[in-house]
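One structure is given here, and the rest of the page talks about it.
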Amino acid sequence: MRLRFGHGLIGLAAVFTLAGCTVNGPDPEPTSSAPASEAAPSSSLDLPQRPKDLAIAGKQNAEICTWLSPEQKAPLQVGGGRPVVKNGNNYNGCSFAGAAGKAQFGISLRVVPEGLDSFAQKISAVKAKTATTYAVNGFGAVQGQVPGAENLGCAVFVDAAEGQTLYVDLSLTTPGGMNNEQLCERAKQAAEAAVTTLQGS
């Protein structure tokens, strides 16, 4: 399962890249051929005020792997925890392999050193028509799926601190193993679990 999980994460990362966003760092500057309004859209996020700043800045893979406790992993149906697959200048993070019935999936937690308000403008999944905003334990969050690849996973981006975003990604490695609602619900549960851990630290 680890091998399939690894390929699943790489595949989803490729989808994010092809969709106009990369999980390997900032996108290149937009070309001058794009209209100014499209190249730098104004933020439309209406996020609640953070209860406090979560201490995620500069955290390394090993510590991020502790953000899901054994008690939290059980209902998420994930185990272990290992550094995210690095490809270039990737965000620090931790990956957890999971299985629910016939569905195999991976959940990754990443630290993005950029505020959600500006980071969201670069993410095609956040700009998709299916994207939605809500609160995760009082912290503003945006949930989205890559347009045209919704059946591959779901991501939740949490406004964790000033200039810091907690990026929670669920990638499905068995196509059809979960529907969109199940994918996003599990991604949201993982985000809630990680934020709960961080609030208590």
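By convention here, the first residue in the shown sequence is residue 1. Quick caveat, the model's predicted, so the values are computed rather than measured.
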Problem set entry | Exam field: side chain K73 to backbone G80, donor-acceptor pair closer than 3.5 Å | yes
Under 3.5 Å, sequence neighbours excluded: what are the donor-acceptor pairs made by side chains of residues 54-62?
| residue | atom | partner | partner atom | Å |
| --- | --- | --- | --- | --- |
| Q60 | NE2 | G58 | O | 3.0 |
| N61 | OD1 | G93 | N | 2.8 |

For this session: Determine yes or no for a side-chain-to-main-chain donor-acceptor pair under 3.5 angstrom, with E150 supplying the side chain and G148 the backbone.
Result: yes
Exercise. Does the Q121 side chain pair with the main chain of S118, one donor and one acceptor, at a distance under 3.5 Å?
Worked result: no
Problem set entry | side chain to side chain contact (heavy atoms under 4.5 Å, CB included) partners for A191, two or more places apart | V136, V156, V158, V168
For this session: With sequence neighbours excluded, tell me which residues meet side-chain hydrogen bond (donor to acceptor under 3.5 Å, both in side chains) with D53.
Result: R50
Seminar exercise, completed: Sequence neighbours excluded, the answer for side-chain hydrogen bond (donor to acceptor under 3.5 Å, both in side chains) partners of Q199 is N137
For this session: Taking all non-hydrogen atoms of both residues into account, name the closest pair between V84 and N92 and its distance.
Result: CG2-C, 4.5 Å
For this session: Name all pairs fulfilling the salt bridge (Lys or Arg N to Asp or Glu O under 4.0 Å) condition that reach into residues 176-201, sequence neighbours left out, sorted by first residue then second.
Result: none
Exercise. Can a donor-acceptor pair be found between the side chains of T197 and Q72 at a distance below 3.5 Å?
Worked result: yes
Exercise. How many angstroms lie between CZ in F96 and CZ in R82, if you round to the nearest 0.5 Å?
Worked result: 11.0 Å
Exercise. Do any N or O atoms from the side chain of Q104 and from the backbone of G98 form a donor-acceptor pair under 3.5 angstrom?
Worked result: no
Exercise. Any side-chain heavy atom of F157 within less than 4.5 Å of one from I123?
Worked result: yes
For this session: Working to the nearest 0.5 Å, report the span between CD1 of I107 and OG of S95.
Result: 10.5 Å
Problem set entry | Short side-chain to backbone donor-acceptor contact, T132 and Q143, under 3.5 Å | no
For this session: Please list all pairs passing the salt bridge (Lys or Arg N to Asp or Glu O under 4.0 Å) test where one or both residues lie in residues 136-148, with sequence neighbours left out.
Result: none
Problem set entry | Heavy-atom check, side chain of Q164 versus side chain of V112, under 4.5 Å | no
